[in-house]
Amino acid sequence: MASSTPTVKPEADVANKPHHVHHTITSTKSSALTGKLEADVEIKASPEQFHDMIANKPHHLNRTCDDKIQGCDLHEGEWGKVGTIINWSYVLDGKAKQTKEIIEAVDPVKNLIVFKVMEGDLMEEYKSFLLSIQVSPKSEGSGGSLVHLTLEYEKLHQGIDHPQTMLQFMKDVSNGIDAHLTKPN
């Protein structure tokens, strides 16, 4: 669909080097309330290690970044399976938050997982909210991986900001997971 507003691509934050950052904000013609934010985070862990942690062990994330993730509980289903419902407790902008998400898609071959927010603090500002996390190897010989984060959302009204703080939160969590997975024993 054609974009009704120009795409905004802020430059990478020098403080976050060596992590590559790419943001895209778009609004579609159908509604100025819908948007999509994306970021790439370079990590040292393999795509498989990172995906396994997000998909199958999210309840361990509070050990990797306890300042951000306070808890993750299985509400219904089985870790890493489509249809599983997960309750999250987290801290965003210094405030305790809650969310209930359902796993909409999982592809272990592509190291992809998609969460759809069902309930919680985000739904106070957004009609819909999807979070996709896909991890792929960096170019041959360079080692490491690239985490591609995508937030797709529909705001309840024009006064709601794009969820850039949530995107930064996810980048920080990705870095925390990477540090945990690659730390020496």
Side-chain angles (χ1 to χ4, degrees), residues 1 3 5 7-8 10 13 16 21-28 30-41 50-51 53-107 112-135 147-177:
M1 208 179 266
S3 179
T5 60
T7 299
V8 178
D13 179 358
N16 288 333
V21 180
H22 172 81
H23 300 269
T24 304
I25 302 171
T26 58
S27 294
T28 62
S30 64
S31 171
L33 299 176
T34 60
K36 181 177 183 177
L37 289 174
E38 298 178 81
D40 290 328
V41 180
F50 192 93
H51 175 76
M53 178 67 94
I54 290 286
N56 301 314
K57 301 172 189 167
H59 52 294
H60 293 217
L61 291 183
N62 62 324
R63 296 181 199 153
T64 68
C65 39
D66 62 354
D67 62 321
K68 307 245 179 288
I69 305 288
Q70 302 298 300
C72 175
D73 299 308
L74 185 65
H75 180 76
E76 181 180 308
E78 189 178 331
W79 296 120
K81 303 291 183 191
V82 171
T84 295
I85 299 173
I86 301 170
N87 292 318
W88 294 89
S89 300
Y90 60 100
V91 176
L92 182 65
D93 297 330
K95 297 178 184 144
K97 305 275 186 175
Q98 299 279 325
T99 191
K100 184 184 284 188
E101 299 175 346
I102 187 167
I103 298 176
E104 285 223 323
V106 178
D107 187 335
L112 169 73
I113 189 161
V114 179
F115 297 97
K116 178 181 179 180
V117 177
M118 300 169 56
E119 297 174 12
D121 293 290
L122 282 170
M123 301 314 285
E124 293 174 9
E125 297 183 328
Y126 300 94
K127 182 177 180 180
S128 63
F129 203 96
L130 283 175
L131 166 63
S132 302
I133 303 168
Q134 184 166 16
V135 192
V147 179
H148 186 73
L149 304 165
T150 306
L151 306 180
E152 295 180 71
Y153 52 91
E154 183 175 356
K155 301 185 287 182
L156 289 175
H157 57 79
Q158 290 282 7
I160 303 292
D161 290 330
H162 294 282
Q164 291 167 323
T165 57
M166 178 55 82
L167 185 64
Q168 182 61 51
F169 172 87
M170 291 307 304
K171 289 170 30 189
D172 294 343
V173 169
S174 296
N175 287 325
I177 293 169

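Not measured: the values here are computed from a predicted model.
- Of all heavy-atom pairs spanning A39 and K171, the tightest one is CB-CD, 3.7 Å.
- To the nearest 0.5 angstrom, Q98 atom CD is 8.5 Å from Y90 atom OH.
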Problem - side chain to side chain contact (heavy atoms under 4.5 Å, CB included) between D172 and C65, intermediate numbers included - result: CA-CA 8 Å; D172 294 343; C65 39; over 6 Å; no
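- Closest approach of F169 to V91, counting heavy atoms only: CE1-O, 3.3 Å.
- Partners of D107 under the side chain to side chain donor-acceptor pair (under 3.5 Å) rule, at least two apart in sequence or in another chain, do not exist in this structure.
- We find the CZ-CG distance between F129 and L151 to be 4.5 Å, quoted to the nearest 0.5 Å.
- Panel note: side chain T99, backbone S89; no donor-acceptor pair is recorded below 3.5 Å.
- For the atom pair L131 CG and K116 NZ, the distance stands at 14.0 Å (nearest 0.5 Å).
- Interatomic distance, E78 CD to N56 CG, rounded to the nearest 0.5 Å: 9.0 Å.
- Heavy atoms of other residues, nucleotides or ligands lying less than 6.0 angstrom from NZ of K97 number more than 12.
- Going from atom CE of M53 over to atom NE2 of H60 covers 7.5 Å, rounded to the nearest 0.5 Å.
- A distance-only check finds a donor-acceptor pair linking the side chain of Q70 to the backbone of D66 [under 3.5 Å].
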In sequence, state the C-alpha distance, the side-chain angles, and the governing distance for Y153 and L122, and then conclude on side chain to side chain contact (heavy atoms under 4.5 Å, CB included). CA-CA 10 Å; Y153 52 91; L122 282 170; over 6 Å; no
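- Atom NZ of K100 sits in a crowded spot, with more than 12 heavy atoms from other residues, nucleotides or ligands closer than 6.0 Å.
- In this structure, the side chain of H157 engages the main chain of G159 through a donor-acceptor pair within 3.5 Å.
- In plain terms, the two heavy atoms of L156 and I160 that are nearest each other are N-CG1, 4.4 Å.
- The minimum heavy-atom distance linking F50 with I133 is given by the pair CE2-CG2, 4.1 Å.
- L61 places a side-chain heavy atom less than 4.5 Å from the side chain of I54.
- I177 CD1 to I69 CD1: the interatomic distance, rounded to the nearest 0.5 Å, is 7.5 Å.
- Side-chain contact between H75 and I86: absent, with no pair of heavy atoms (C-beta onward) separated by less than 4.5 Å.
- Between V82 and V106, the closest heavy-atom pair is CG2-N, 3.8 Å.
- You'll find the side chain of I103 reaches within 4.5 Å of the side chain of F115, heavy atoms only.
- Closest non-hydrogen pair, V147 versus S174, comes out as CG1-OG, 3.9 Å.
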